[in-house]
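Each ligand, and each atom within it, is numbered from 1 in the order the structure gives.
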Amino acid sequence: MNAPLTAAAPPTMRALLQRRYGADAVAFAEVPAPTAAPGAVLIQVVSAALNRGDWHLLTGTPYAVRLAGYGVLRPNRAIPGMAVAGRVVAVGAGVTGFAPGDGVLGEIDGGGFAERVNAAPGALAKIPAGVSFEQAATLPISGTTALQGLRDAGALKAGESLLVIGAAGGVGGFAVQLGRHFGAEVTGVCSAKNVEGVRAMGAHHVIDYTATRLGDHPARFDVILDLVGAEPLASLRRMLKPGGRLVSGSGGQDNVVLGPMFPILRGLLSNLGATERFIPLMNKPTPSDLEVLCALVAEGAITPDISARIGLSEAPGYLDRMGEGHTRGKVVIQIDADSARSAR
Ligand SMILES: NC(=O)c1ccc[n+]([C@@H]2O[C@H](COP(=O)([O-])OP(=O)(O)OC[C@H]3O[C@@H](n4cnc5c(N)ncnc54)[C@H](OP(=O)(O)O)[C@@H]3O)[C@@H](O)[C@H]2O)c1
């Protein structure tokens with residue numbers, strides 16, 4: 001049963017609760033429902049998307065994330081979930097620009113895997129006509145990382161060649177489609193089971209990394225977007241055309257303490273004396289970019305690849321499996337399943 005959209009808070013709500021770090025540390029629960037906090041927008045969440053970052057915050061790895069403000073011994077925020085779409089229920093004191101009933105999406109500071117959440121208005125954009133709640137929920141983090149990686153970090157231009165490593169994943173699916181939209185010749189890298197799917201998203205060429213060693217491939221690229229971090233830096237540099245840009249979204253995450261810090265430093269050092277650039281990518285939660293992505297979805301230029309629609313109680317298992325690094329497209333939690341596919 002869906003909670004009715006009223007400003008009066010129901011006493012409790014359904015949510016995922018995480019009291020400690022660990023792959024098995026999250027569970028479905030009934031918790032007190034929030035009311036609108038001063039300066040915040042209270043959202044009735046319709047859809048929320050899983051992201052690899054949720055898995056990092058679930059496990060507290062690399063340990064550096066704990067020191068980055070997420071909680072050293074246990075998570076500061078008991079309810080996970082950063083990518084949401086829903087309807088405004090009420091606005092807190094001092095909030096302008098949003099009103100009850102508005103459809104919104106955003107990258108929020110946790111709390112999204114629940115029926116209601118308070119979000120900072122500066123994190124939100126309005127959902128335009130033609131974009132469903134479930135599509136909107138896929139855009140924060142995955143869509144913005146792909147957009148910022150190609151448009152800003154990679155400065156991708158029409159007619160250039162683009163290699164997307166990790167093309168079947170949440171970010172990669174958007175990168176393939178955006179690359180094509182920007183007029184690039186797109187090559188996607190994925191495993192055999194995803195070759196047809198990546199081609200269907202618009203890749204001109206697909207490399208199956210289980211059949212071909214990527215470093216042995218003869219093609220050279222203007223821009224490489226690396227979302228996996230498995231291929232050695234020297235090998236990726238060899239795959240760049242003169243003046244090419246290697247945008248690193250994962251940086252290589254094999255270090256459980258520091259994560260990608262050393263691979264990023266190595267990459268930046270490799271720029272010395274070279275015309276090809278290594279550029280580390282850091283997603284910025286920018287509402288204007290969410291508006292850009294929404295417009296592209298509404299006009300049919302990109303279509304989020306939703307591989308699974310699940311209920312809140314199924315999410316712990318899916319979150320755990322995200323750590324294996326083989327999720328296809330986006331997994332969306334249908335918190336209000338009746339509204340998720342509608343545009344209002
Ligand atoms: N820098 C940032 O701000 C930022 C933001 C968001 C995400 N990220 C990072 O970007 C990476 C991708 O995120 P995501 O959300 O897209 O992850 P995801 O949804 O879990 O997707 C991972 C994809 O990687 C593919 N893959 C695994 N090994 C591969 C390999 N050796 N070669 C090519 N593809 C391979 C898998 O496809 P197959 O099953 O076909 O192997 C899977 O579809 C993660 O490391 C994440 O932490 C960074």
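Only the side chain of Lys193 comes within contact range of ligand 1, with a heavy atom under 4.0 Å; no backbone atom does.
For the pair Ser250 and ligand 1, the shortest N or O to N or O distance does not fall below 3.5 Å. Residue-to-ligand polar distances keep Asn51 apart from ligand 1: every N/O pair is separated by 3.5 Å or more. Taking any N or O of Gly249, backbone or side chain, at least one lies under 3.5 Å from an N or O belonging to ligand 1. Taking only nitrogen or oxygen atoms, main chain and side chain alike, Thr145 does not reach within less than 3.5 Å of ligand 1. For ligand 1, none of its N or O atoms has an N or O atom of Arg328 under 3.5 Å away. Not a single N or O atom of Ile165, backbone or side chain, sits closer than 3.5 Å to an N or O atom of ligand 1. In terms of N/O distances under 3.5 Å, ligand 1 is not approached by Ser142. Annotation: Val228 places no N or O atom under 3.5 Å from an N or O atom of ligand 1; distance criterion only. Checked against a 3.5 angstrom limit, the closest N/O atoms of Gly170 and ligand 1 fall inside it. At under 3.5 Å, not a single nitrogen or oxygen of Met322, backbone or side chain, sits near a nitrogen or oxygen of ligand 1.
When the options Ser248, Gly229, Ser191 are ranked by their closest heavy atom to atom 40 (O) of ligand 1, first place goes to Ser191. When the heavy atoms of Leu227, Asp208, Leu225, Leu214 are ranked by distance to atom 10 (O) of ligand 1, first place goes to Leu227. Selection from Lys284, Arg52, Lys330 by nearest heavy atom to atom 46 (C) of ligand 1 gives Arg52.
Annotation: side chain of His181 is in contact with side chain of Leu296 (closest heavy-atom distance under 4.5 Å). Looking at Ile207 and Leu214, their side chains come closer than 4.5 Å, going by heavy atoms from C-beta outward.
With rounding to the nearest 0.5 Å, the separation of CD in Glu160 from CZ in Phe182 is 12.0 Å.
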Output, in order, the C-alpha distance, side-chain angles, deciding distance and verdict of salt bridge (Lys or Arg N to Asp or Glu O under 4.0 Å) for Arg245 and Asp222.
CA-CA 6 Å; Arg245 286 86 72 200; Asp222 295 294; 5.1 Å; no

Give the intermediate values and the outcome of salt bridge (Lys or Arg N to Asp or Glu O under 4.0 Å) for residues Glu196 and Arg199.
CA-CA 5 Å; Glu196 279 319 308; Arg199 213 186 297 281; 3.7 Å; yes

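In summary, Asp102 and Arg87 do not engage in a salt bridge, as defined by a charged side-chain N under 4.0 Å from a carboxylate O. Using a cut-off of 4.0 Å between Lys/Arg side-chain N and Asp/Glu carboxylate O, Asp289 and Arg151 are scored as salt-bridged. Between Arg309 and Glu134 there is a salt bridge, since at least one side-chain N of the basic residue sits less than 4.0 Å from a carboxylate O of the acidic one.
Every heavy atom of Glu231 sits 4.0 Å or more from the atoms of ligand 1.
Within ligand 1, counting atoms from 1 as listed, the ones closer than 4.0 Å to a heavy atom of Gly169 are 16 (O), 19 (O), 21 (O), 23 (C), 43 (O). The atoms of ligand 1 that sit less than 4.0 Å from any heavy atom of Asn194 are 37 (O), 38 (P), 39 (O), 40 (O). Counting the atoms of ligand 1 from 1 in the order shown, those under 4.0 Å from a heavy atom of Gly325 are 22 (C), 23 (C), 24 (O), 25 (C), 26 (N), 27 (C), 36 (C), 42 (C). The contact set between ligand 1 and Asn283, taken as ligand atoms under 4.0 Å from a residue heavy atom, comprises 2 (C), 3 (O).
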